[in-house]
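The structure appears below as structure tokens.
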2 protein chains.
Amino acid sequence: MAKKSVSNVWSQPGSPLYIEVRRQIAEAIRSGEWRPGDSLPSEKMLCERFGVSIGTLRKAVDELTASGVLVRQQGRGTFVARHSQDRYLFSFFHLVGRDGHKEYPEVRFLSLRTIEADDFASHALAVNIGSPLFNISNLLSLRGEVTSVDDIYLPTALFPGLTEERLRTRKTTLYQMYQDEFGISVVRTSERVRGCATTRSQARLLKTTPGAPLLQIIRCAYSFHDQPVELRNSYVNTQYCEYQPDPYVHEHN
Amino acid sequence: MAKKSVSNVWSQPGSPLYIEVRRQIAEAIRSGEWRPGDSLPSEKMLCERFGVSIGTLRKAVDELTASGVLVRQQGRGTFVARHSQDRYLFSFFHLVGRDGHKEYPEVRFLSLRTIEADDFASHALAVNIGSPLFNISNLLSLRGEVTSVDDIYLPTALFPGLTEERLRTRKTTLYQMYQDEFGISVVRTSERVRGCATTRSQARLLKTTPGAPLLQIIRCAYSFHDQPVELRNSYVNTQYCEYQPDPYVHEHN
DNA sequence: CAGTGGTCTAGACCACATT
DNA sequence: ATGTGGTCTAGACCACTGT
């Protein structure tokens with residue numbers, strides 16, 4: 001019964017069938033045949049389409065599910081994952097309540113200025129010293145408690161036409177805006193955390209006292225080819241929240 | 001051919017067979033029947049032992065491989081994972097120099113005591129309030145500068161025979177010791193970071209001043225099946241180092 | 001060569017969701 | 001009742017390893 005039948009898929013010699021099936025499914029999604037939120041044909045149909053058995057088809061779908069491309073729902077079907085704003089947000093946002101629960105932060109826009117890159121910013125953003133940068137200031141709250149003040153630096157060259165009006169009225173996350181309006185996809189972030197003491201101006205914004213301990217989170221966001229696109233300095237009052245990076249899970253092989 | 005046969009494993013109604021097989025393999029490792037580095041019996045032998053088909057057995061082994069408990073080598077066999085010291089260390093150690101370079105910390109053992117679990121520790125470690133815990137204190141240095149004091153809590157039941165002498169003379173990382181001497185493999189950690197002010201006793205150890213800002217890192221380490229095995233409280237002076245979690249990388253396909 | 005893991009088949013029954 | 005994904009079987013051949 002185990003005679004390998006001639007199949008519809010182009011199977012590279014030395015490459016497992018299920019890898020090729022996985023590739024073709026991913027390709028069909030990329031090409032727009034199945035769009036985010038769509039349901040795929042049933043597993044039986046897919047078996048016929050690719051000329052493989054249910055076990056092989058499931059192995060391909062298993063991996064696409066594990067990597068978040070597909071979502072299965074027993075009894076309903078298999079769907080192309082919808083990368084919602086929520087998911088995007090919580091990929092990069094690492095502040096949680098003291099009880100560990102993740103929540104939406106409320107963002108209040110403070111200011112947009114244009115400044116010149118200092119030594120540190122120019123190095124982090126790979127621009128020349130003195131290059132023009134947008135400097136955005138935001139105030140973030142969790143459950144009505146002010147938790148952090150964010151200072152964001154963007155090379156003006158990458159974000160032409162960014163205006164204060166646009167920032168004040170935005171309804172999406174910043175990263176969503178980078179992608180939708182400037183074609184910049186953030187694919188990697190790197191963060192470093194220090195302890196520091198509240199300054200007088202921070203104390204006013206964060207409703208705390210000068211000298212109280214704060215977290216300083218320095219984040220650099222990168223697009224494709226490790227191009228830095230955003231430098232962000234967050235000063236966090238951990239009285240009402242905590243910094244929680246993604247858990248580490250040991251991997252082998 | 002698909003008649004479900006009577007099997008050797010105790011299959012809970014409503015729980016898949018492969019889950020039970022996975023549990024029994026993990027249990028055999030925990031009990032010491034197979035130790036890190038050992039090879040398991042062949043898949044065919046395991047099928048007979050558990051009374052399941054090759055597909056089911058492989059699904060169980062697949063998951064244990066994915067979670068790092070087992071390592072497969074084609075043509076040679078399946079082995080209980082052995083965690084190398086270097087890799088292990090930097091997987092869990094997130095302090096780097098202010099210049100961003102990773103380095104080995106120097107660890108100085110301070111004390112080992114036995115205490116009773118308070119509310120927080122008992123909750124984190126999934127033991128009863130008042131249960132006995134080992135409490136280890138260590139002082140960590142980077143490049144000769146004292147950077148943090150670690151307070152470590154372990155359920156005594158999981159670490160029978162742990163002695164001060166053993167901790168003072170150890171040459172490996174703690175996690176390596178958990179594995180080699182107590183059969184406990186750490187496969188996941190979760191961390192939370194807060195800002196706090198230096199206490200007087202911390203100031204003495206960290207050679208800083210009371211009230212100066214510190215990072216408090218609360219880490220819980222888990223073994224198989226999300227069993228918590230260690231709770232750790234690190235108080236870090238970020239004058240000479242920074243906390244740097246693993247970078248986030250957006251996954252595509 | 002024999003033994004191992006890696007892949008694959010062609011079914012089957014079960015649990016769940018929708019109609 | 002029908003259709004979906006979830007689990008499971010009892011084989012088979014292939015690729016790789018060590019003798």
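None of these values were measured; they are calculated from a predicted model. Naming convention: chains lettered A, B, ... in sequence-line order (proteins, then strands); numbering from 1 in each chain.
The distance between atom CD of B/E43 and atom P of C/dC8, rounded to the nearest whole Å, is 15 Å. Atom pair B/Q73:CD and C/dG6:C1' shows a separation of 14 Å (rounding to whole Å applied). Following rounding to the nearest Å, B/I54 (CD1) and C/dG11 (C1') show an atom-to-atom distance of 18 Å. Atom CZ in A/R72 sits roughly 16 Å away from atom P in C/dC16 (whole-Å rounding). One atom, CG of A/D62, and another, P of D/dG5, lie 12 Å apart when rounded to the nearest Å. The nearest whole Å value for the distance from the CD atom in A/E48 to the P atom in C/dG11 is 12 Å. With rounding to whole Å, B/L17 atom CG is found 15 Å from C/dA12 atom C1'. Atom NZ in A/K44 sits about 14 Å away from atom P in C/dA10, given to the nearest Å.
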Any chance you could lay out the side chain to side chain contact (heavy atoms under 4.5 Å, CB included) test for B/F182 and B/L158, step after step, and finish with the verdict?
-> CA-CA 7 Å; B/F182 302 98; B/L158 295 178; over 6 Å; no
Yes or no on salt bridge (charged side-chain N to carboxylate O under 4.0 Å, His left out) for B/E63 and B/R23, after CA distance, side-chain angles and deciding distance?
-> CA-CA 11 Å; B/E63 298 204 350; B/R23 197 195 63 74; over 6 Å; no
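Comparing B/G55 and B/L40 by the nucleotide of DNA chain C whose heavy atom lies nearest to each, the residue mapping closer to the 5' end is B/L40. Ranked by how close their nearest DNA chain C nucleotide is to the 5' end, A/I19 and A/R76 are led by A/I19.
Nearest nucleotide to the B/T56 side chain, out of C/dT7, C/dG6, D/dC8: D/dC8. In this structure, the nucleotide among C/dT7, D/dT7, C/dT9 sitting nearest to the side chain of B/Y18 is D/dT7. Closest to the side chain of A/Q74, from the set D/dG6, C/dT9, D/dA10, is D/dG6. Nearest nucleotide to the side chain of B/S42, out of C/dG5, D/dG5, D/dT7: C/dG5. Picking from D/dG5, D/dT9, C/dC8 the nucleotide with the shortest atom distance to the side chain of B/S53 gives D/dT9.
Between the CG atom in A/L140 and the CD atom in A/E145 there is a gap of 14.0 Å [rounded to 0.5 Å].
Surrounding CZ of A/R170 are more than 12 heavy atoms belonging to other residues, nucleotides or ligands, all under 6.0 Å away. By the neighbour-count criterion of 12 heavy atoms within 6.0 Å, atom CZ of A/R108 is sparsely surrounded, having that number or fewer from other residues, nucleotides or ligands.
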